[in-house]
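Taking it in order: structure first as structure tokens, then the write-up.
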Amino acid sequence: HLYPLIEAAHDAGAHAAFLSGAGPSVMAFASGLKGDVFSQRQLERTDKLVAQAMLEAAASVGVKGRVFITSPTEKGAHVWAATPPFSETSVKQYGGGSWKE
């Protein structure tokens with residue numbers, strides 16, 4: 001079921017498509033013809049074409065799926081919430097040759 005989705009993504013204009021981790025997500029990278037996605041005209045973008053092609057390929061092999069179109073962030077990984085919350089006494093910081101509480 002994986003390879004038809006990857007092939008469909010490539011045929012629709014994706015730069016890459018792959019199994020994410022151990023699955024079950026299949027991801028694809030797509031962009032427009034040039035520049036920032038927010039400055040592109042709708043006709044220049046390939047993300048929705050790639051998404052539709054992948055959905056159709058999945059349906060053709062009897063698999064239902066959902067599509068999430070996202071964009072990368074410069075923020076990187078961050079803690080959204082922690083239970084139990086972090087405390088100053090449980091975190092040590094190394095600085096200048098010694099550990100600080």
Side-chain angles (χ1 to χ4, degrees):
H1 298 112
L2 172 64
Y3 295 110
L5 273 72
I6 290 175
E7 185 176 345
H10 283 152
D11 290 348
H15 299 290
F18 54 93
L19 180 67
S20 177
S25 298
V26 179
M27 299 178 68
F29 289 119
S31 66
L33 296 176
K34 60 183 176 196
D36 186 354
V37 69
F38 296 111
S39 65
Q40 295 171 9
R41 295 189 309 247
Q42 192 62 34
L43 294 175
E44 295 176 333
R45 295 179 58 182
T46 59
D47 52 356
K48 291 181 182 176
L49 295 173
V50 170
Q52 187 61 41
M54 291 177 74
L55 284 172
E56 290 172 5
S60 75
V61 294
V63 176
K64 292 182 180 178
R66 295 184 295 169
V67 172
F68 297 93
I69 296 176
T70 64
S71 57
T73 177
E74 294 178 10
K75 189 174 186 179
H78 60 280
V79 176
W80 182 261
T83 304
F86 294 118
S87 69
E88 293 299 320
T89 59
S90 66
V91 177
K92 294 183 178 182
Q93 178 181 1
Y94 185 78
S98 63
W99 286 97
K100 299 177 183 179
E101 298 273 344

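As the structure is a computational prediction, the values presented were derived from the model and not from experiment.
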query = Would you say F18 and L55 are hydrophobically clustered, going by side-chain heavy atoms of ILVMFWY under 4.5 Å?
reply = no

task = Can you measure from CE (M27) to OG1 (T70) and round to the nearest 0.5 angstrom?
result = 6.5 Å

request  = Indicate the atoms forming the closest heavy-atom contact of A30 with T46, along with that distance.
outcome  = CB-OG1, 3.5 Å

request  = Could you grab the distance from atom CG of L5 to atom OG of S60, nearest 0.5 Å is fine?
outcome  = 8.0 Å

key: Residue pair A17 / A9: nearest heavy atoms and the distance that separates them   = CB-CB, 3.7 Å

ask   = I69 and A51: which non-hydrogen atoms are nearest, and at how many Å?
value = CD1-CB, 4.4 Å

key: CG-CZ distance between D47 and F29, expressed to the nearest 0.5 angstrom   = 13.5 Å

key: Smallest separation among heavy atoms of A12 and L49, with atom names   = CB-O, 3.8 Å

request  = Side-chain contact test, heavy atoms from C-beta onward, threshold under 4.5 Å: evaluate it for V67 versus M54 and give yes or no.
outcome  = no

note = Heavy-atom nearest pair, H10 first then A14, reads CD2-O, 3.7 Å

